[in-house]
Amino acid sequence: MQETRLDTARIRAARRVIDPVFLDTPLYRCEALEPGLGCTVSIKLETANPVRSFKARGTEVVASLLADKGSRAVVCASAGNLGQALAWSGRGRGLDVTVVASRFATRAKLDRIRALDAGLELVDGDHEMARERAAAIARHDGIRLVEDSLDIETCEGAATIGLELVDTATSFDTVLIALGGGALATGVGHVVKALAPEVEVICVQPLGAPAMTRSWRSRRVVTTESTDTIADGVAGRHPIPAVLDDLLLVADDAVLVQEASIIAGMRMLLDHAGLVVEPSAALGIAAILEDRNRFAGRHVVTIVCGSNVDVDAYHRWVGAAPIPGS
């Protein structure tokens, strides 16, 4: 495999600084899902931790390095999950954490950031505006800016999920990964292609937020003017060139799925796996629903990456969701 920015030795070392509460998350075959999907399905459950998403694997690495250097302040932009994770990791290491988010972000995520003692600044725009504001704060205050997916620690922290997948005795031939900024996809993809190259790495993004997928297909950065998806955790508009370069080396495919399929996937995970998940976490199931023939006969692992969802919105979505093809 051609070299990405990531390093497998550093990824293994990251496990030593990540709080064990975020490591070795459940990985299990979910037979109840299989009749409706037509393939063998295993779930990697990244919601079984204090911040209910995979993001803390990366922020643990970031916060550990900052604490070692004596740094005491850090800022990030977040749709909600990164902010919670950085707040959790920073609080445990005495860091002063500021999170910039859209005021239209999921309220439950914003409330949790505040509860974790981080400063929270809201902007009257989307995530891209939050990124610009966070960068301005970092410049003005002379503090560390954590940029999800660009900062290699966020990718290599997420990549520890890949180690846990390939180190398991269970064989699988496809892994479905939610694609937003790219930390999860490039991290897991790097490890899988380095250690289990026969496994197909498929990234999944909403049709209403297609920038990274379009960029992967075009092999150049493609931006969009807006997004229109309930999957707020992956709703970026401006892919990062260095992250795209990594993704081009590790992803075998990138697919777009419809909102109805995302909602149906959330409902299936509730009905058949007992899991309440946010829309981004259902992207893998949505991809199978939209192309059952492609996955027939395969053993597919889908990474359930987050469960921070507004309860009222969740009930609206899931309560009325027909399952495609049913």
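- Tested against Arg52, the residues Thr47, Asn308, Asn81 include a single side chain to side chain donor-acceptor pair (under 3.5 Å) partner, Asn308.
- Residues Leu269 and Leu45 fall within the same hydrophobic cluster, defined by Ile, Leu, Val, Met, Phe, Trp and Tyr side chains chained together at heavy-atom separations under 4.5 Å.
- If you take CD on Gln84 and OG on Ser89, they are separated by 11.5 Å, rounding to the nearest 0.5 Å.
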For residues 239-258, which side-chain N or O atoms pair as donor and acceptor with protein atoms under 3.5 Å away, sequence neighbours left out?
{"residue": "Asp246", "atom": "OD1", "partner": "Arg5", "partner atom": "N", "Å": "3.1"}
{"residue": "Asp246", "atom": "OD2", "partner": "Arg5", "partner atom": "NE", "Å": "2.6"}
{"residue": "Asp246", "atom": "OD2", "partner": "Arg5", "partner atom": "NH2", "Å": "3.3"}
{"residue": "Asp252", "atom": "OD1", "partner": "Lys193", "partner atom": "NZ", "Å": "3.4"}
{"residue": "Asp252", "atom": "OD2", "partner": "Lys193", "partner atom": "NZ", "Å": "2.7"}
{"residue": "Asp252", "atom": "OD2", "partner": "Val201", "partner atom": "N", "Å": "2.8"}
{"residue": "Asp253", "atom": "OD2", "partner": "Arg294", "partner atom": "NH1", "Å": "2.8"}
{"residue": "Asp253", "atom": "OD2", "partner": "Arg294", "partner atom": "NH2", "Å": "3.0"}

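- In this structure, Lys44 and Val175 have side chains that are not in contact, with every pair of non-hydrogen atoms separated by 4.5 Å or more.
- At least one side-chain heavy atom of Leu110 sits under 4.5 Å from a side-chain heavy atom of Leu122.
- Ile285 CD1 to Ile262 CD1: the interatomic distance, rounded to the nearest 0.5 Å, is 12.5 Å.
- Side chains of Glu34 and Thr40: a donor-acceptor N/O pair is absent below 3.5 angstrom, by distance only.
- A distance-only check finds no donor-acceptor pair linking the side chain of Ser218 to the backbone of Arg220 [under 3.5 Å].
- Residue pairs meeting the ring pair (Phe, Tyr, Trp, His ring centres under 6.0 Å) criterion with at least one partner in residues 226-251, sequence neighbours excluded, do not occur; the list is empty.
- Among all heavy-atom pairs drawn from Ala211 and Gly236, the shortest one is CB-O, 3.9 Å.
- For the pair Glu290 (side chain) and Ser261 (backbone), a donor-acceptor distance under 3.5 Å is absent.
- The CE atom of Met212 sits 6.0 Å away from atom CG of Leu179, with the distance rounded to the nearest 0.5 Å.
- Panel note: side chain Thr213, backbone Pro210; no donor-acceptor pair is recorded below 3.5 Å.
- Taking every heavy atom of both residues into account, Ile43 and Ala273 meet most closely at CD1-CB, 4.2 Å.
- The shortest non-hydrogen separation linking Cys30 to His272 is SG-O, 3.9 Å.
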Side-chain donor-acceptor contacts of residues 67-76 below 3.5 Å, not counting sequence neighbours, with atom names and distances?
none

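- Trp88 meets the ring pair (Phe, Tyr, Trp, His ring centres under 6.0 Å) test with Phe22; sequence neighbours excluded.
- For the atom pair NE2 (His190) and CG (Asp7), the distance works out to 6.5 Å, reported to the nearest 0.5 Å.
- Arg10 has a carboxylate O that lies under 4.0 Å from a charged side-chain N of Glu156, or vice versa, which qualifies the two as a salt bridge.
- Among residues two or more places apart in sequence or in another chain, the side-chain contact (heavy atoms from CB on, under 4.5 Å) test is passed with Arg139 by Ala135, Ala136.
- The closest donor-acceptor contact from the side chain of Thr229 to the backbone of Pro206 lies at 3.5 Å or more, if one exists at all.
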For salt bridge (Lys or Arg N to Asp or Glu O under 4.0 Å), just list the numbers for Arg107 and Asp312, CA-CA rounded to whole Å, side-chain angles, deciding distance to a tenth of an Å, and then say yes or no. CA-CA 11 Å; Arg107 181 175 298 177; Asp312 291 337; over 6 Å; no
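- With hydrogens and angles disregarded, no donor-acceptor distance shorter than 3.5 Å links the side chain of Thr106 to the backbone of Ala108.
- Residues Leu82 and Val234 are members of separate hydrophobic clusters, defined by side-chain heavy-atom contacts under 4.5 angstrom among Ile, Leu, Val, Met, Phe, Trp and Tyr.
- Residues Gly182 and Ser149 share a closest heavy-atom pair of N-OG, 3.3 Å.
- Pairing each heavy atom of Ser215 with each of Val222, the nearest pair is OG-N, 2.7 Å.
- Under a 4.0 Å N-O distance rule, the pair Glu278/Lys55 does not qualify as a salt bridge.
- Each of Val51 and Val304 belongs to its own hydrophobic cluster when Ile, Leu, Val, Met, Phe, Trp and Tyr are linked at side-chain heavy-atom distances under 4.5 angstrom.
- Within the 4.5 Å cutoff, no side-chain heavy atoms of Ser78 are placed close to those of Leu86.
- For Leu23, the side-chain contact (heavy atoms from CB on, under 4.5 Å) partners are Arg15, Ile18, Arg57, Thr160, Glu164, not counting sequence neighbours.
- In this structure, Leu270 and Tyr314 have side chains that are in contact, with non-hydrogen atoms separated by less than 4.5 Å.
- Residues Ile263 and Leu207 fall into different hydrophobic clusters, defined by Ile, Leu, Val, Met, Phe, Trp and Tyr side chains chained together at heavy-atom separations under 4.5 Å.
- At most 12 heavy atoms of other shown residues, nucleotides or ligands fall within 6.0 angstrom of atom CG in Asp228.
- Of all heavy-atom pairs between Gly265 and Leu289, the closest is N-CD1, 3.9 Å.
- Glu200 has its side chain out of reach of Asp173: every pair of non-hydrogen atoms, C-beta onward, lies at least 4.5 Å apart.
- Taking the charged nitrogens against the carboxylate oxygens, Glu60 and Arg93 do have a contact shorter than 4.0 Å, which makes a salt bridge.
- Side-chain contact check for Thr4 versus Thr186: every heavy-atom pair is 4.5 Å or farther apart.
- His127 places none of its side-chain heavy atoms less than 4.5 Å from the side chain of Thr227.
- Counting only heavy atoms from C-beta outward, the side chains of Arg91 and Val97 never approach each other to under 4.5 Å.
- Linking Ile, Leu, Val, Met, Phe, Trp and Tyr residues whenever their side-chain heavy atoms come within less than 4.5 Å places Leu184 and Leu27 in a single cluster.
- Going from atom OG of Ser226 over to atom CG of Asp126 covers 9.0 Å, rounded to the nearest 0.5 Å.
- Leu176 contributes atom CG, which lies 5.0 Å from atom CZ of Phe295 (distance to the nearest 0.5 angstrom).
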